[in-house]
Amino acid sequence: MIIRLIFIHHLNNLILIMTKPKLLVAMSSIPELVIELLLERFEVEIFDFENATKKEILNKVRGKFGIFCCAWTKIDEELIKNAGPSLKVIRTMSVGYDHVDLIAMKKYGVRLGYTSNISSEAIAETTIALLIATSRRLFEANHALKTDGWKQSLFWMCGRSIRNSVVGIVGCGNIGISIAKKLNTFNISQLLYTSRGEKPEAKTLGGKLVTIDELVKQSDYIIVSVALNEDTKCIINRKRIAKMKSHAVLVNIGRGELIDQGALIEALRENRIGGVGLDVMTPEPLPLDNPLMKMTNVVLLPHIASASIETRTEMAIVTAKNIIAVLDNTSMINELQL
Ligand SMILES: O=C(O)C(=O)CO
């Protein structure tokens, strides 16, 4: 166990004070049991970065051993540098780590951990919900009902079935596979996916590896579940949006920057695609005057794909335990090799 020893001369007596390393929890809603776990080993400061100024954030990180953060906590070089040499670990309670400056982490020798596969099932559940909500116009129908717009007409509020459709998954990692497994029970006609190479698990599920251009052209439903990085930024670009079927439904549960949102809005306005379901968008939170807010064939969720109590609690516990692992100089699971 690492404890810092501070020697203070007081009235000719040597006083020994033991202090715990400092940990910053950069968000406010963390389960009590996780805070208790962290308090056993750290001096914990909880400071929500949301609505804080850069100056306040830089002040708070100084002298910390670790930072416990999440997908929307921007970790840039200035922050890492400002924390000083005490900073040994940043652990994000998220599967994505695109919000962290990896080059700076390596430069300053700070270790990075993330929550990998814990949230795949919860994210897959939300993906299926979003897909059906968009294709079957559930929010539009609900709104009509509540605003006295209920029409007793047989073809009113009809959407499209998933059954017999071609579904394309962009990025077939753990989340993509969880989505594919769930889709398998919907009697789809073909599952397509993109990946760096063939995935045996996807093949077992009947998936066919295709290029991104083939996928957008052939799919009735397109699900974006790829990690955001320099190669995947705007993977759904203007040209690819133009290739989509006129009834295609696009769902994004990855990151907003994976899609050219301006081109998407234009395509929706001109009815060139069927509909869009987004759990992630640019920016987040999306301003109320964004055109997407007013479109009836768009379903928007506030980045809640992994937000089940069980999943988020497990993510928080694993995050805490792995920050403690760094303190104990033992291996950290789901550490990114920088
Ligand atoms: O885990 C992630 O990366 C998210 O986006 C939200 O939980």
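Atoms within each ligand, like the ligands themselves, are counted from 1 in listed order.
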- Message: Is Met93 close enough to touch ligand 1? Criterion: a residue heavy atom under 4.0 Å from a ligand atom.
- Response: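 Outside the 4.0 Å threshold, so no.
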
- Using salt bridge (Lys or Arg N to Asp or Glu O under 4.0 Å) as the criterion, point out the one residue from Arg41, Lys88, Lys321 that pairs with Asp328.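 Per the salt bridge (Lys or Arg N to Asp or Glu O under 4.0 Å) rule, the option paired with Asp328 is Arg41, out of Arg41, Lys88, Lys321.
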
Write out the residue and atom name of the closest protein heavy atom to [atom], then the distance separating them to 0.1 Å.
atom                   : answer
atom 4 (C) of ligand 1 : His303 NE2, 3.4 Å
atom 1 (O) of ligand 1 : Val95 N, 2.8 Å
atom 7 (O) of ligand 1 : Ser306 OG, 2.8 Å

Those atoms of ligand 1 less than 4.0 Å from some heavy atom in [X]:
X      : answer
Arg312 : 7 (O)
Gly96  : 2 (C), 3 (O)
Arg255 : 2 (C), 3 (O), 4 (C), 5 (O)

- Lys NZ or Arg CZ of Lys22 over Phe65 ring: under 6.0 Å, within 45°: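 No; the conditions do not both hold, so Lys22 does not lie above the ring face of Phe65.
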
- Taking Asp279 for its side chain and Ala305 for its backbone only, find out whether a donor-acceptor pair lies under 3.5 Å.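 Present.
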
- Task: Please answer whether the main-chain N or O of Ser178 pairs with a side-chain N or O of Ser120 as donor and acceptor at a distance below 3.5 Å.
- Result: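 No: the side chain of Ser120 does not pair with the backbone of Ser178.
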
- Could you grab the distance from atom OG1 of Thr185 to atom CD1 of Ile128, nearest 0.5 Å is fine?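 Result: 7.5 Å between the selected atoms.
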
- Plane angle bin for Tyr114 and Tyr97 - parallel if under 30°, tilted between 30 and 60°, otherwise perpendicular: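 Perpendicular.
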
